[in-house]
Protein chains: 2
Amino acid sequence: MLPDRLRNLSYLLARLPGVGEKTAQRFALHFIGEGRGLATDLGQALSELDAQIGTCEHCGNIAEYDADGRAVCKVCSDDRRDPRLLCIVAKIQHLLAVENSGAMRGRYFVLGQLLSPLDGIGPDELPIQRLKERIRAAGVTEIIVATPPSVDGEATALFLARELAHLDLTISRIASGVPHGGDLEFADRITLGRAIDGRRGMDTPR
Amino acid sequence: MLPDRLRNLSYLLARLPGVGEKTAQRFALHFIGEGRGLATDLGQALSELDAQIGTCEHCGNIAEYDADGRAVCKVCSDDRRDPRLLCIVAKIQHLLAVENSGAMRGRYFVLGQLLSPLDGIGPDELPIQRLKERIRAAGVTEIIVATPPSVDGEATALFLARELAHLDLTISRIASGVPHGGDLEFADRITLGRAIDGRRGMDTPR
C-alpha cells in the first residue's frame with residue numbers, strides 16, 4: 001500500500017537501535033505529514049556524516065576528519081589533558097558520560113565491545129594490541145578501567161588487568177556502590193555488598 | 001563534547017515523534033558506530049523524499065508526484081474502486097489500517113485532524129469545504145465515518161453527520177464493540193455498553 005520509496009525508507013529507519021517496523025513506519029509517515037521539510041534537513045545532515053565524522057585514530061572517540069583525512073578527537077588533541085592517565089571504556093556513550101562527570105583529567109581508550117562468551121566475543125575480538133601500543137607510545141603510567149559493573153564488564157576488567165600486569169602501571173577500577181541519592185532500602189544485595197567491600201576511610205577531626 | 005555536526009543531527013532526530021534527547025543522541029552515535037554506512041543510505045532516501053512524495057490532491061493519502069508535479073494516490077487512480085462510497089478518516093495511518101482490512105471497496109478522505117477543543121482545533125480547522133466539493137465532484141452517495149471511537153473522534157463524527165445532513169447521503173459510523181479475540185471479562189464498561197447497544201440480528205435457521 002505504501003509507495004516503494006516510503007517502504008524503502010521504513011526499512012532503513014528500522015535499522016536504528018530500538019526501532020521496530022511500526023515505529024519506522026510512524027517516522028516515515030511523519031516526514032510526509034506534520035514533519036514536512038524535516039526529511040530534507042535530516043537527509044542533508046546524514047548524507048554528509050559518513051564522509052565527515054569518524055572515530056579518533058588514537059582512542060576511538062568521535063572525531064571530525066581534517067583536511068588530510070585524519071581524525072583526532074577533541075580530548076586527544078587537548079594538550080592540557082594528562083597523557084599518562086588513560087581511562088578504558090567499552091563504548092563512546094560511556095566515554096561521553098565519564099567526560100560529562102568532569103572527573104577525568106586524562107585521556108581515553110574505547111574498546112568497542114566487552115568480552116561476552118554468549119555473544120561469541122572472546123579475547124581476540126578486543127583491541128589489546130592497539131591498547132598496548134597506545135600505552136607505550138603515550139607513556140601511560142596509570143590506567144582506570146571504566147567498564148560497567150556488569151558480568152561482561154567485570155570479566156573484561158579482570159582480563160585487562162591480567163593482560164597489562166607485566167607492564168609497569170597503576171591499574172584501578174571505578175567504584176561500584178550505592179548511587180548518589182540512592183536509597184539503601186531499595187539497593188540490591190550485590191550493590192550493597194560492593195558498597196561495603198569498597199568502603200573508604202573517613203577523616204576524623206579531633 | 002559532541003562535534004557540532006553530530007549535535008545538529010541529534011536536534012533534528014529529536015523532532016521525530018516519540019524521540020527525546022537521549023534517544024536522538026543514541027541514534028546519532030549509532031550512525032558513526034555500528035550503523036556505519038546507514039547514514040549515507042538514509043540521507044539519500046530522505047533528501048529525495050520531500051520532492052518526490054506528497055499527499056493525494058483528491059483524498060490526502062500518500063502519493064508520488066508524477067511528471068507534471070501532480071499527486072494522485074493509488075486508491076484514487078484505481079478505476080475498480082467505487083467512487084460513490086467515501087470513507088472519512090482522521091489521518092493517513094488510519095487509512096492504511098482500513099485499507100489493510102480489505103473491507104473498504106470505495107475511496108477515502110483524510111481529515112488531517114479531529115475536533116479537539118483542548119488543543120484549540122475547532123470546526124474551522126477541518127477541511128469541510130474540500131470534503132463537500134469532493135462529495136459533489138465524485139458523485140458520492142454513501143459515507144462511512146471511520147474516525148476513532150474516542151471523545152474527539154465521536155465529536156468529529158457527530159459534527160460531520162450534522163454538516164452533511166442536508167446532502168442526499170447515506171451516512172454510517174464504524175462499529176464500536178469488543179475487539180476480535182477480546183475477552184468480555186477484561187472489556188471496559190463503555191466498550192461493553194457499545195457492544196450491546198450495537199448488537200446485530202442473527203440468522204436463525206429453522
Side-chain angles (χ1 to χ4, degrees), chain A residues 1-6 8-13 15-19 22-23 25-55 60-64 71 73-75 91-93 95-97 99-100 110 112-113, chain B residues 1-6 8-13 15-19 22-23 25-55 60-64 71 73-75 91-93 95-97 99-100 110 112-113:
Chain A
M1 179 62 199
L2 288 178
D4 289 347
R5 262 185 251 284
L6 219 55
N8 172 40
L9 176 62
S10 290
Y11 286 142
L12 290 172
L13 289 167
R15 282 165 54 191
L16 289 171
V19 174
K22 281 263 173 192
T23 308
Q25 185 177 312
R26 191 168 159 225
F27 288 171
L29 290 175
H30 181 76
F31 288 122
I32 59 159
E34 296 154 64
R36 199 84 201 168
L38 176 59
T40 303
D41 294 347
L42 196 55
Q44 200 185 349
L46 285 169
S47 300
E48 298 167 349
L49 201 70
D50 280 334
Q52 291 173 334
I53 296 207
T55 46
N61 187 12
I62 305 161
E64 294 191 64
C73 77
K74 285 182 183 173
V75 177
K91 45 185 195 172
I92 294 173
Q93 284 89 330
L95 186 157
L96 295 175
E99 190 61 15
N100 222 10
V110 180
Q113 51 198 354
Chain B
M1 179 60 200
L2 288 179
D4 289 346
R5 259 184 252 284
L6 219 55
N8 173 40
L9 176 63
S10 290
Y11 286 142
L12 290 172
L13 288 167
R15 282 166 55 192
L16 288 172
V19 173
K22 280 264 173 191
T23 308
Q25 186 177 311
R26 191 167 159 225
F27 288 171
L29 291 175
H30 181 76
F31 287 123
I32 60 159
E34 294 154 63
R36 198 84 201 169
L38 176 58
T40 303
D41 293 347
L42 197 54
Q44 198 185 351
L46 285 168
S47 300
E48 298 168 351
L49 201 69
D50 279 333
Q52 291 174 333
I53 296 208
T55 47
N61 186 12
I62 305 160
E64 295 190 65
C73 76
K74 284 182 184 174
V75 177
K91 45 186 194 169
I92 295 174
Q93 284 89 331
L95 185 157
L96 295 175
E99 190 60 16
N100 222 9
V110 180
Q113 51 197 354

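Worth saying up front: this structure is predicted, and the values here are computed from it rather than measured. Throughout, protein chains are lettered first and strands after them, A, B, ... in sequence-line order, and every chain is numbered starting at 1.
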Discussion item. Ignoring hydrogens, what is the shortest heavy-atom contact between B:Asp41 and A:Arg15? Give both atom names and the distance.
Written reply: OD2-NH1, 4.4 Å
Discussion item. As an exercise, state the distance from CG of A:Leu2 to CD1 of B:Ile53, rounded to the nearest 0.5 Å.
Written reply: 8.5 Å
Worksheet entry | Proximal component of B:Asn61, with respect to chain A [non-hydrogen, under 4.5 Å] | side chain
Practice prompt. Nearest 0.5 Å please: distance from the CZ atom of A:Arg5 over to the CD atom of B:Glu64.
Written response: 5.0 Å
Practice prompt. Give, as side chain, backbone, both or neither, the part of B:Leu42 having an atom under 4.5 angstrom from any heavy atom of chain A.
Written response: both
Worksheet item: Under the 3.5 angstrom rule, does the side chain of B:Arg36 hit a backbone N or O of A:Asp50 as a donor-acceptor pair?
Response: yes
Item to complete: Determine whether A:Leu29 and B:Ile62 make a side-chain contact, defined as any pair of heavy atoms from C-beta on separated by less than 4.5 Å.
Response: yes
Worksheet entry | B:Glu34, part contacting chain A, at a heavy-atom distance under 4.5 Å | neither
Discussion item. At a 4.5 Å cut-off on heavy atoms, which part of B:Leu95 comes close to chain A: side chain, backbone, both, or neither?
Written reply: side chain
Discussion item. Using heavy-atom distances under 4.5 Å, tell me whether B:Gln44 contacts chain A through its side chain, its backbone, both, or neither.
Written reply: backbone
Response to the item:
Residues B:Thr40 and A:Ser47: closest non-hydrogen pair is OG1-O, 4.5 Å
Practice prompt. Could you pull out the closest heavy-atom pair between A:Gly43 and B:Leu46, with the gap in Å?
Written response: CA-CB, 3.7 Å
Worksheet, complete the sentence: Looking only at A:Leu6, A:Thr55, A:Val75, most heavy-atom pairs under 4.5 Å shared with chain B are made by A:Leu6
Worksheet entry | Residue selection (most heavy-atom pairs with chain A, distance under 4.5 Å) from B:Lys74, B:Glu48, B:Gln52 | B:Gln52
Worksheet item: What residue, out of A:Lys91, A:Gln93, A:Arg26, A:Gln25, has the most heavy-atom pairs lying under 4.5 Å from chain B?
Response: A:Arg26
Worksheet item: Which of the residues A:Val19, A:Ile92, A:Leu16 is involved in the greatest number of heavy-atom pairs with chain B at under 4.5 angstrom?
Response: A:Leu16
